[in-house]
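The analysis underlying the following values was restricted to heavy atoms, covering all of them including side chains, and did not include hydrogens, waters or symmetry mates. Everything numeric in this text was worked out from a predicted model, so none of it was measured.
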Protein chains: 2
Amino acid sequence: MNSAGYLVNNMARLLVEVLRKRIAPLGIVPGQFPALLALWEKDGLTQKELLALLDIEQATLANTLTRMERDELITRKEHPADARARTIHLTDQGRSIRDSAYQTAMQINEEVLADLSEQEAHAFLDYMRRVIGKIKDIESP
Amino acid sequence: MNSAGYLVNNMARLLVEVLRKRIAPLGIVPGQFPALLALWEKDGLTQKELLALLDIEQATLANTLTRMERDELITRKEHPADARARTIHLTDQGRSIRDSAYQTAMQINEEVLADLSEQEAHAFLDYMRRVIGKIKDIESP
DNA sequence: TAGCATTGCATAGCTCACTATGTAATAGTA
DNA sequence: TACTATTACATAGTGAGCTATGCAATGCTA
C-alpha cells in the first residue's frame, strides 16, 4: 500500500472529497469545476471548444454539462451558424459563485501543501507534471 | 490548470487507465486490485476484516466484492460462527493471476517514475504521504 | 448535385467512488 | 427473558470517469 499508484489514487480521492464538502454550499460539485473555470474565463463556447480546454472525454463533458444545466449553472443555446453545435452560457447563478469558488479552491491547495516547504511544494508540483508527461507518452508511441 | 488539486486528479485518472489496460488481459479491473492484494496475503477474511485493510467505504467494498464474485475471482461462504458475516475466498482463477498482477503493477510504478531520479522519486512518495496525512487531518479535529 | 465522409453532440452501459438507509443477526441490559 | 442497541452486510441513488455507438447536420467530391 505504498506504491506510487496507490498513493496517487488515495490522495486524489481524499482531495476530491474535501473539495466536494467545501463547494457544496455553492451548489456545485467537483466535476463541474474545470468547466466552470473555463467558462468564467470565456463564456459562450461550444462544447467542442470547451472540450479542447479540458482533459476529459467528450462524453464525460456532455454528461457534466447536462447536470450543470439541470442545476441551473448554464444554459445551452443553438449555435447561430451550425445546427449541430450549441453554445454554452453561464447563468447568473453560475457567474455569481465565481469568486467564492476560486477562493475555496486556492484555500484547499494552500492547506494541503501547508506541511511542505515552499521548495518542497514547488518540487512536488514539478514531479507531478513530469509524471503526467511520462504517463501520457507511455501509451502513445 | 496547474493547481495541486488539478494535477493530482489528472495524474490519478491517467494512471488508473494505464493500469486498466495492462491488467485487462488478466480479467480484472483497477478497483479489484486492493482487495486482491489483501486476499493474496490472507485468504478467508470477512468483509469487515478486509475493509480494515483498505481505504475505501464499506458500501464500495461490498459492491466491488459482488463484481469480483460475478467475475469468478472470489466466492463467499457463510461464516461458521456469525450468520451475519461471510468469509471471502479466492477462486483458483483469482489465485492464479497473482504473480502477473503484481508484476504489472510494479512495472507501471517503475515506468511512470522513470523520469525522476532515485532521490526525486523518493521525495515524491514522501511528499504524497505527507499531503495525504495533511488532508486526513484537515477534516477531522 | 447526389452521395459519402466527417463532425458535433447525445446516449447507453460500464466501473468505482461516495452517502444514506435497510435488514438481518448478535450482543447487551433492565 | 424481552427489548433495545449494535454489528455485518446489502441496496439505492448520485457523481464522474471511460468506451462504444447513434444521429443529424455539415462538408467534400466525383
### Query
Under 3.5 Å, is there a donor-acceptor pair linking the side chains of A/T91 and A/H89?
no
### Query
Looking at D/dT7, C/dC9, D/dC18, which one has an atom nearest to any side-chain atom of B/E17?
D/dC18
### Pair A/D71-A/Q93, side-chain donor/acceptor within less than 3.5 Å
no
### Message
Just the rounded figure in Å: distance from C1' of C/dC16 to CG of B/D71.
### Response
13 Å
### Task
Quickly work out the A/E49 CD to C/dT7 P distance and round it to whole Å.
16 Å
### Task
May I have the distance from A/L14 (atom CG) to C/dC18 (atom P), rounded to whole angstrom?
9 Å
### Query
Side chain of B/N10, backbone of A/I132: donor and acceptor closer than 3.5 Å?
no
### Task
Calculate, to the nearest 0.5 Å, the distance between atoms CD and CG belonging to B/E120 and A/D126 respectively.
7.5 Å
### Query
Looking only at side-chain N and O atoms, does B/R67 come under 4.0 Å of OP1 or OP2 in D/dA10?
no
### Query
Looking for any heavy atom pair under 4.0 Å, which part of the strands does B/R86 touch: base, sugar-phosphate only, or nothing?
sugar-phosphate
#### Entry: Protein-nucleotide distance (A/F33, atom CZ; D/dG15, atom P), rounded to Å
17 Å
### Task
Ignoring backbone atoms, establish whether A/R76 has a side-chain N or O less than 4.0 Å from OP1 or OP2 of C/dA10.
yes
### Task
Find the distance A/D82:CG to D/dT26:C1' and express it as a whole number of Å.
7 Å
### Query
Is the shortest side-chain N to carboxylate O distance from B/D115 to A/R130 below 4.0 Å?
no
### Query
Touch check for A/I56, heavy atoms < 4.0 angstrom, all strands: base, sugar-phosphate only, or nothing?
sugar-phosphate
### Query
Between A/Q47 and C/dA10, is there a side-chain N or O to OP1/OP2 distance below 4.0 Å?
yes
### Query
Touch check for B/T66, heavy atoms < 4.0 angstrom, all strands: base, sugar-phosphate only, or nothing?
nothing
### Message
Whether B/T60 contacts C/dC18 is assessed here as follows: a side-chain N or O lying under 4.0 Å from the phosphate OP1 or OP2. Is that the case?
### Response
yes
#### Entry: Nearest-angstrom distance from the residue atom CG of B/N9 to P of D/dA16
10 Å
### Query
Whole Å only: how far is the CD atom of B/Q58 from the C1' atom of C/dT19?
11 Å
### Query
Considering only C/dC9, C/dT26, C/dC16, which nucleotide approaches the side chain of A/T46 most closely?
C/dC9
### Task
Can you tell me the distance, in whole Å, between the CG atom of B/L61 and the P atom of C/dT15?
16 Å
### Task
Look at the side chain of A/R84 against the base of D/dT26 and say whether a donor-acceptor pair falls under 3.5 Å; ignore hydrogens and angles.
no
### Out of D/dT6, D/dT19, C/dC16, whichever nucleotide has its closest atom nearest the side chain of B/P30
C/dC16
### Message
Does a side-chain N or O of A/R13 approach OP1 or OP2 of C/dC16 to a distance below 4.0 Å, or not?
### Response
no
### Task
Would you please confirm or rule out a distance under 4.0 Å between OP1 or OP2 of D/dA16 and any side-chain N or O of A/T64?
no
### Task
Over 60° means perpendicular and under 30° means parallel, so classify the ring planes of B/F124 and A/F124, tilted if in between.
tilted
